[in-house]
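Reviewing the structure listed below.
No experiment lies behind these values; they were computed from the predicted model shown. Basis for what follows: all heavy atoms, side chains included, without hydrogens, waters or symmetry-related copies. Proteins come first, then strands; the chains are lettered A, B, ... in the order of their sequence lines, and each starts at number 1.
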Protein chains: 2
Amino acid sequence: MLLYDPVMLDATSIVAALDSAGYRVTGPRRRLAELVAGQDGHFTASELATLAKARRLGISRATFFRALDLLAELGVVERIVLPSGEHAYVACARSHHHHIVCSRCGRTAEVADQGLAEAVAAMARDSGYRIQTHWLELFGLCRYCQRRVADEA
Amino acid sequence: MLLYDPVMLDATSIVAALDSAGYRVTGPRRRLAELVAGQDGHFTASELATLAKARRLGISRATFFRALDLLAELGVVERIVLPSGEHAYVACARSHHHHIVCSRCGRTAEVADQGLAEAVAAMARDSGYRIQTHWLELFGLCRYCQRRVADEA
DNA sequence: ATTTTTGCAAACCTTTTGCATGGAA
DNA sequence: TTCCATGCAAAAGGTTTGCAAAAAT
């Protein structure tokens, strides 16, 4: 049993989110939704574009950038920034949360607050800054990769 | 009195860090060190290059990227990633710490742990991931900008 | 019929790299 | 004299944008 499964998002609900927000449901967006639904780690617009090209899905590169931006605005996916500076997206639940990204396979898990909110509040108090947003990213090895790394040794 | 002043780094100690690590002390690196010493918020290689060009310091763009990379390896500055994906650097103290970046003026402050380590440990425990590194960035308004924003209203 | 989306290609930016030259040790 | 560092320019990504054509409502 996995405590923290990657959040799975089905294509239907992605399309529904677009539709109910008044955006048009188009062929490319449907196919893109399926591609996104098939991802279980983080992914970049670029990566999906490459994948789509290989599968001859007929979705242009620009569409990925535009659509993923849109999905991020709608809160369907969350945009994170990798240490390299690339923009990546992960499927996300509605509430505030943070991600752990596996540095080996890219799998992500979400984690609960665990006292972070208080720590951030304390930092705000001490620094005199009025915090607008905070942003915690954890990088590490997921269970599977820990095992694989151990096997290799 | 400011509790958390931006860390000021003087040019001399930057040069000393290079020297003692066995790297050559060159003209461009000296001038770059002064430029870095003059920054009090975060800055990108690109920004410094533009600045240097305006001041006719004769330091090429590539040198900024190479030298700042080096300084980050030496621990003289820390590399952060802005939400836009750009790589930025901030002067930093040696111990583990986190930054608050002012979203209006770019001023940074460093903050103490405040229970973050325990929170991260708890997240590791719950998720089953073996955490390799974590990375907290806070964005908000510094004291000065809070006041200025209030004045404008 | 109207308005949004798309695709294409070009433009943009930041960052990286190859290679010959120049400078530090 | 021996390498390391620099400058230049080109390359390499990733991301954005203008515009005409296509598709959705």
Side-chain angles (χ1 to χ4, degrees), chain A residues 14-36 42-74 76-77 79-89 106, chain B residues 14-36 42-74 76-77 79-89 106:
Chain A
I14 297 177
V15 171
L18 284 168
D19 196 19
S20 69
Y23 293 98
R24 293 187 179 169
V25 175
T26 65
R29 283 179 176 166
R30 282 180 200 284
R31 297 193 293 279
L32 181 146
E34 297 204 354
L35 217 44
V36 168
H42 56 166
F43 50 88
T44 66
S46 228
E47 282 166 13
L48 293 193
T50 302
L51 195 56
K53 191 172 192 178
R55 296 188 189 168
R56 292 172 223 290
L57 296 183
I59 312 170
S60 83
R61 199 176 181 69
T63 293
F64 281 100
F65 285 93
R66 290 190 275 228
L68 288 174
D69 238 35
L70 187 54
L71 291 180
E73 261 175 44
L74 296 180
V76 175
V77 296
R79 177 164 152 169
I80 64 174
V81 180
L82 304 181
S84 67
E86 289 168 296
H87 299 164
Y89 298 84
Chain B
I14 296 176
V15 171
L18 284 168
D19 196 19
S20 69
Y23 293 98
R24 293 188 180 169
V25 175
T26 66
R29 283 178 177 167
R30 280 180 201 285
R31 298 194 291 280
L32 181 147
E34 297 202 356
L35 218 45
V36 169
H42 56 165
F43 50 88
T44 66
S46 227
E47 282 165 13
L48 292 193
T50 302
L51 195 56
K53 191 171 192 178
R55 296 189 189 166
R56 291 172 223 291
L57 296 182
I59 311 172
S60 82
R61 202 175 179 68
T63 293
F64 281 98
F65 285 94
R66 289 190 274 228
L68 287 174
D69 237 36
L70 187 55
L71 290 180
E73 261 176 43
L74 296 179
V76 174
V77 296
R79 177 165 153 170
I80 65 175
V81 180
L82 304 181
S84 67
E86 289 168 296
H87 299 167
Y89 298 85

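Nearest heavy-atom pair across Ile14(A) and Ala33(A) is CD1-O, 3.6 Å. Here the shortest heavy-atom pairing between Leu35(A) and Leu48(A) reads CD2-O, 3.9 Å. When all heavy atoms of Tyr89(B) and Ala72(B) are compared, the closest pair comes out as CE2-CB, 4.0 Å. Across Leu57(A) and Arg31(A), no two heavy atoms sit closer than the pair O-NE, 2.8 Å. Minimum interatomic distance between Ser84(A) and His87(B) (heavy atoms only, all atoms of both residues): O-NE2, 2.7 Å.
Rounded to whole Å, the distance from CZ on Phe65(A) to P on dT15(D) is 4 Å. When the P atom of dT15(C) is taken as reference, atom CZ of Phe43(B) falls 13 Å away, rounded to whole Å. For Leu32(B) and dG7(D), the CG to P distance is 10 Å, given to the nearest whole Å. Atom pair Glu47(A):CD and dG13(D):P shows a separation of 14 Å (rounding to whole Å applied). When the P atom of dA5(D) is taken as reference, atom CG of Asp19(B) falls 12 Å away, rounded to whole Å. Note: CZ (Phe64(B)) to P (dC8(D)) measures 13 Å, nearest angstrom. Rounded to whole Å, the distance from CZ on Arg56(B) to C1' on dG7(D) is 18 Å. Counting to the nearest Å, the C1' atom of dT14(C) and the CG atom of Leu68(B) are 13 Å from each other.
Using modelled atom types and a 3.5 Å distance limit, the side chains of Thr50(A) and Arg61(A) yield no donor-acceptor pair.
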Seminar exercise, completed: For nucleotides 4-10 of chain C, 5' to 3', base contacts (B), sugar-phosphate-only contacts (S) and non-contacts (-) with protein non-hydrogen atoms under 4.0 Å give BSBBB--

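A close approach under 4.0 Å does occur between a side-chain nitrogen or oxygen of His87(A) and OP1 or OP2 of dT15(D).
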